[in-house]
Amino acid sequence: MVDVLLGLQWGDEGKGKIVDYLAAKYDIVARFQGGPNAGHTLYLDGKKYVLHTIPSGIFRSNVQNIIGNGVVIDPTILCKEIDELSTAGIEFLSRLYIAQKAHLILPSHRLLDAVMEASKGEGKIGSTLKGIGPTYTDKIARHGLRIGDVFLSDFKDRYDKLKASHLRMVSAFPTIDFPLEEEESKWMESINRLKKLQFVSSSYFINNALKQGKKILAEGAQGSMLDIDYGTYPFVTSSNTITSGVCNGLGIAPQKIGEVIGITKAYCTRVGGGPFPTELNNDIGEEIRKAGGEFGATTGRPRRCGWIDLPQLKYTIMINGVTQLVMTKADVLDHFDTLEAANAYNVAGDEIDEVPFDMVTVCPEPIYKTYKGWKSDLTGVRKYEDFPAELQNYIQEIEVILGVPFSIISVGPGREQLVIRSAFN
Ligand code: GDP
Ligand code: IMO
Ligand code: MG
């Protein structure tokens with residue numbers, strides 16, 4: 001079966017750390033969507049790694065890692081990631097596979113992303129500017145380039161044609177500073193390096209592995225509230241970040257999906273623009289940002305912080321078919337006297353517990369329940385029974401409301417800083 005691990009909020013829930021831990025129990029880890037807009041952080045022997053395109057199973061020496069066909073790849077960024085891992089002494093190239101059908105992010109896609117965002121002014125999405133939107137746009141418009149195309153004899157002609165179409169579009173916008181030629185030469189050099197890697201059809205690769213009884217973990221990027229169809233549109237990314245994206249992104253049938261493991265922080269964050277009902281624009285939000293080190297792993301931008309939002313989580317649990325929950329960053333709330341959790345929304349005087357059609361125009365006002373803080377250091381705790389009663393109460397009340405149990409609670413960024421409540425697999 002293909003188990004899935006994905007974010008239930010607006011991204012950065014700690015997917016990288018949990019995939020790295022769980023990967024030890026799997027044969028293959030597969031990224032199925034998104035691209036280098038993702039920044040998945042994990043710590044190994046005290047050293048920090050941030051992965052953008054390479055799956056977070058890469059540090060487990062028995063695990064194969066595949067960048068699936070739903071992913072969009074920037075060759076320059078991928079080569080940089082490869083170099084960083086190689087410099088750190090990680091042996092991984094024989095275990096890394098790239099789906100031929102994954103689409104390529106061109107330098108001119110990034111240029112387009114930049115001019116389009118700049119033109120939006122106040123209404124900008126807050127894109128990571130990695131060229132994600134324009135690349136998926138070209139895929140859907142049926143004139144994108146796939147990484148498998150680099151072996152075609154007319155690849156350069158196809159590249160030039162696509163770039164020319166981008167430049168025509170760019171000319172409609174005010175000019176910005178972008179070193180296109182410099183970026184292109186790095187990109188072409190990277191393409192030549194990537195040609196030596198292992199290219200596969202992700203559908204045959206994954207389905208054959210399933211036939212052989214191998215265990216596969218699909219690693220989500222971004223979060224369910226950033227899904228192109230079900231997120232807070234238009235403040236979303238351009239791919240399907242939810243469970244259904246696994247089928248499209250890897251080429252597997254829905255009945256092959258096993259466990260769906262949803263991750264949430266003990267609170268909530270968002271980076272970039274768009275609605276965020278439980279956002280705290282005050283000292284408490286600032287305190288969470290500081291305690292949680294809430295700055296983007298890809299862009300370094302400060303993340304917006306707020307309380308956990310249960311109607312929002314119920315919604316993403318529903319659309320993903322979540323079977324188990326992971327709570328990360330519980331330790332970040334160690335110093336708070338009290339915590340809040342949104343149980344429902346007030347929309348024009350009505351109490352509702354559903355996410356409204358358009359959170360941009362109907363910004364729901366959260367109705368909170370207050371919980372007593374635990375005021376103790378969780379970072380060294382490894383057993384659920386050793387958690388303070390206040391935290392156990394917070395977890396247990398939330399899981400009853402959500403209707404899905406928490407299997408893992410993370411209490412620090414380190415690989416071993418976990419409390420496992422029930423065994424996976
Ligand atoms: P991802 O994109 O979902 O993989 O998450 P990011 O890597 O962007 O952001 C999560 C951040 O929280 C990273 O800096 C992690 O090292 C860190 N982190 C993960 N789990 C925990 C935890 O339980 N406690 C603390 N304090 N930090 C954590
Ligand atoms: P991981 O995998 C958090 C956000 C951006 C922006 C919107 C669109 O690390 O959780 P895009 O670059 O896709 O055009 O940006 O989505 N965003 C993320 N926020 N974590 C991510 O990835 C994100 N990837 C994109 O900030 O608001
Ligand atoms: Mg991240």
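Indexing begins at 1, ligand by ligand and atom by atom, following the structure's order.
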Asks: Ligand 1 versus Ser410, non-hydrogen atoms closer than 4.0 Å: side chain, backbone, both, neither?
Replies: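 It is both backbone and side chain that touch ligand 1.
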Asks: Is it the side chain, the backbone, both or neither of Gln9 that has a heavy atom closer than 4.0 Å to ligand 1?
Replies: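 None of Gln9 does.
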Asks: I need the contact type for Lys329 against ligand 1. Using non-hydrogen atoms and a strict under-4.0 Å cut-off, is it side chain, backbone, both or neither?
Replies: both
Asks: Using heavy atoms and a threshold below 4.0 Å, how should the contact between Leu226 and ligand 2 be classified: side chain, backbone, both, or neither?
Replies: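 Answer for Leu226: side chain.
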Asks: Decide whether Glu287 and His335 meet the rule of one side-chain donor and one side-chain acceptor closer than 3.5 Å.
Replies: no
Asks: Which ligand 2 atoms are under 4.0 Å away from a heavy-atom of Arg301?
Replies: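 Result: 5 (C), 26 (O).
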Asks: What residue and atom, counting heavy atoms only, is the protein's closest point to atom 16 (O) of ligand 1, and at what distance?
Replies: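 Minimum-distance protein heavy atom for atom 16 (O) of ligand 1 reads Tyr43 CE1, 3.4 Å.
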Asks: Are Asp83 and Arg193 within salt-bridge range, i.e. N to O under 4.0 Å?
Replies: yes
Asks: Could you pull out the atom name of the N/O/S atom in Asp12 that is nearest the Mg ion (ligand 3)?
Replies: OD1
Asks: Testing the basics here: between Glu81 and Ile54, what is the closest heavy-atom pair and its distance to 0.1 Å?
Replies: OE1-N, 3.2 Å
Asks: So which protein heavy atom does atom 26 (N) of ligand 1 come closest to, and at what separation?
Replies: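 Nearest neighbour among protein heavy atoms for atom 26 (N) of ligand 1, to 0.1 Å: Asp331 OD2, 2.8 Å.
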Asks: Do Tyr97 and Gln64 pair up side chain to side chain, a donor and an acceptor below 3.5 Å, judged on atom types alone?
Replies: yes
Asks: Quick check on contacts: which atoms of ligand 2 are under 4.0 angstrom from a heavy atom of Trp10?
Replies: 3 (C), 19 (N)
Asks: Of the non-hydrogen atoms in Phe205 and Ile66, which two are nearest, and what is the gap between them?
Replies: CD2-CD1, 3.8 Å
Asks: Could you tell me, atom by atom, which parts of ligand 2 come under 4.0 Å of a heavy atom of Ile125?
Replies: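 Here the atoms of ligand 2 in question are 6 (C), 7 (C), 8 (C), 27 (O).
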Asks: Heavy-atom contacts with Val271 under 4.0 Å: which atoms of ligand 2 show up? List them by number with element.
Replies: 3 (C), 5 (C), 19 (N), 26 (O), 27 (O)
Asks: I'd like the name of whichever of Gly34, Gly14, Gly39 reaches closest to atom 2 (O) of ligand 1 through any heavy atom.
Replies: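 The residue whose heavy atom sits nearest atom 2 (O) of ligand 1 is Gly39.
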Asks: Nearest to atom 10 (C) of ligand 1, what protein heavy atom do you find, and at what distance?
Replies: Asp12 O, 3.7 Å
Asks: Nearest heavy atom to atom 1 (P) of ligand 2: which of Gln9, Lys130, Gln222, His52 does it belong to?
Replies: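 Heavy atom nearest to atom 1 (P) of ligand 2 belongs to Gln222.
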Asks: Can you tell which part of Phe235 has a heavy atom less than 4.0 Å from ligand 2: side chain, backbone, both or neither?
Replies: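 For Phe235, no heavy atom sits under 4.0 Å from ligand 2.
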Asks: Which ligand 2 atoms does Lys15 reach within 4.0 Å, using its non-hydrogen atoms?
Replies: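 So the atoms of ligand 2 that pass are 1 (P), 2 (O), 10 (O).
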Asks: Taking only heavy atoms of Gly11, which atoms of ligand 2 are found under 4.0 Å from at least one of them?
Replies: 3 (C), 10 (O), 20 (N)
Asks: Of all the atoms in ligand 2, which lie at a distance below 4.0 Å from a heavy atom belonging to Gly272?
Replies: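 In order of numbering, the contacting atoms are 27 (O).
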Asks: Please could you name the atoms of ligand 2 that Ala221 approaches to less than 4.0 Å, counting only its heavy atoms?
Replies: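 Result: 2 (O).
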Asks: Would you call Glu183 and Lys186 a salt bridge, taking side-chain N to carboxylate O under 4.0 Å as the test?
Replies: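 Answer for the salt bridge query: yes.
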Asks: Would you call Lys130-Asp74 a salt bridge at under 4.0 Å N-O?
Replies: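 Result for this pair is no, no salt bridge flagged.
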Asks: Does either side chain, that of Thr328 or that of Glu13, offer a donor lying less than 3.5 Å from an acceptor on the other one?
Replies: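 Per modelled atom types, Thr328 and Glu13 side chains form no pair under 3.5 Å.
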Asks: Side chain, backbone, both or neither: which part of Val236 has a heavy atom under 4.0 Å from ligand 2?
Replies: backbone
Asks: Strictly under 2.8 Å, is any N, O or S atom of Gly296 next to the Mg ion (ligand 3)?
Replies: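 Checking Gly296: none of its N, O or S atoms is under 2.8 Å.
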Asks: Distance to 0.1 Å, residue and atom name: give those for the protein heavy atom nearest to atom 4 (O) of ligand 1.
Replies: Gly16 N, 2.9 Å
Asks: Only one of Leu226, Val236, Thr269 passes side-chain contact (heavy atoms from CB on, under 4.5 Å) with Trp10; say which it is.
Replies: Leu226
Asks: So, does Gly39 sit close enough to ligand 2 that a heavy atom of it is under 4.0 Å from the ligand?
Replies: yes
Asks: Nearest protein heavy atom to atom 19 (C) of ligand 1, by residue and atom, and its distance?
Replies: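 The closest heavy atom on the protein side is Lys17 CD, 4.1 Å.
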Asks: So for ligand 2, is Ala38 a polar contact partner (N or O within less than 3.5 Å, distance only)?
Replies: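 There is no such contact.
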Asks: Any Lys/Arg nitrogen of Arg146 or Asp149 sitting under 4.0 Å from an Asp/Glu carboxylate oxygen of the other?
Replies: yes
Asks: Is it the side chain (CB and beyond), the backbone, both or neither of Arg270 that lies under 4.0 Å from ligand 2, heavy atoms counted?
Replies: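 Within the 4.0 Å criterion, Arg270 makes no contact with ligand 2.
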Asks: Quick one: do the Thr237 and Gln222 side chains pair a donor with an acceptor below 3.5 Å?
Replies: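 No, because no side-chain N or O of Thr237 sits under 3.5 Å from a partner of the opposite role on Gln222.
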Asks: Would you say Thr328 has any N or O atom under 3.5 Å from an N or O of ligand 1, going by distance alone?
Replies: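 Between Thr328 and ligand 1 (N or O atoms, distance only) the closest approach is not under 3.5 Å.
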Asks: To check your reading of the model: name the closest protein heavy atom to atom 7 (O) of ligand 1, its residue, and the distance in Å.
Replies: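 Nearest neighbour among protein heavy atoms for atom 7 (O) of ligand 1, to 0.1 Å: Thr41 OG1, 2.6 Å.
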Asks: Could an N or O of ligand 1 be found under 3.5 Å from any N or O of Gly412, whether backbone or side chain?
Replies: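 In this structure, Gly412 places an N or O atom under 3.5 Å from an N or O of ligand 1.
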Asks: What about Ser127: any of its N or O atoms under 3.5 Å from an N or O on ligand 2?
Replies: yes
Asks: What do you reckon, does Glu13 have a nitrogen or oxygen under 3.5 Å from a nitrogen or oxygen of ligand 2?
Replies: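 Checking ligand 2 against Glu13, no N or O pair falls under 3.5 Å apart.
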Asks: Hey, is Gly126 one of the residues with a heavy atom under 4.0 angstrom from ligand 2?
Replies: yes
Asks: Report the part of Val411 (side chain from C-beta onward, or backbone N, CA, C, O) that has a heavy atom under 4.0 Å from ligand 1; answer both or neither where that applies.
Replies: backbone
Asks: If only side-chain N and O atoms count, and only distance matters, is there a donor-acceptor pair under 3.5 Å linking Ser202 with Asn69?
Replies: yes
Asks: Between Arg289 and Glu286, does at least one N-O distance fall below 4.0 Å, as a salt bridge requires?
Replies: yes
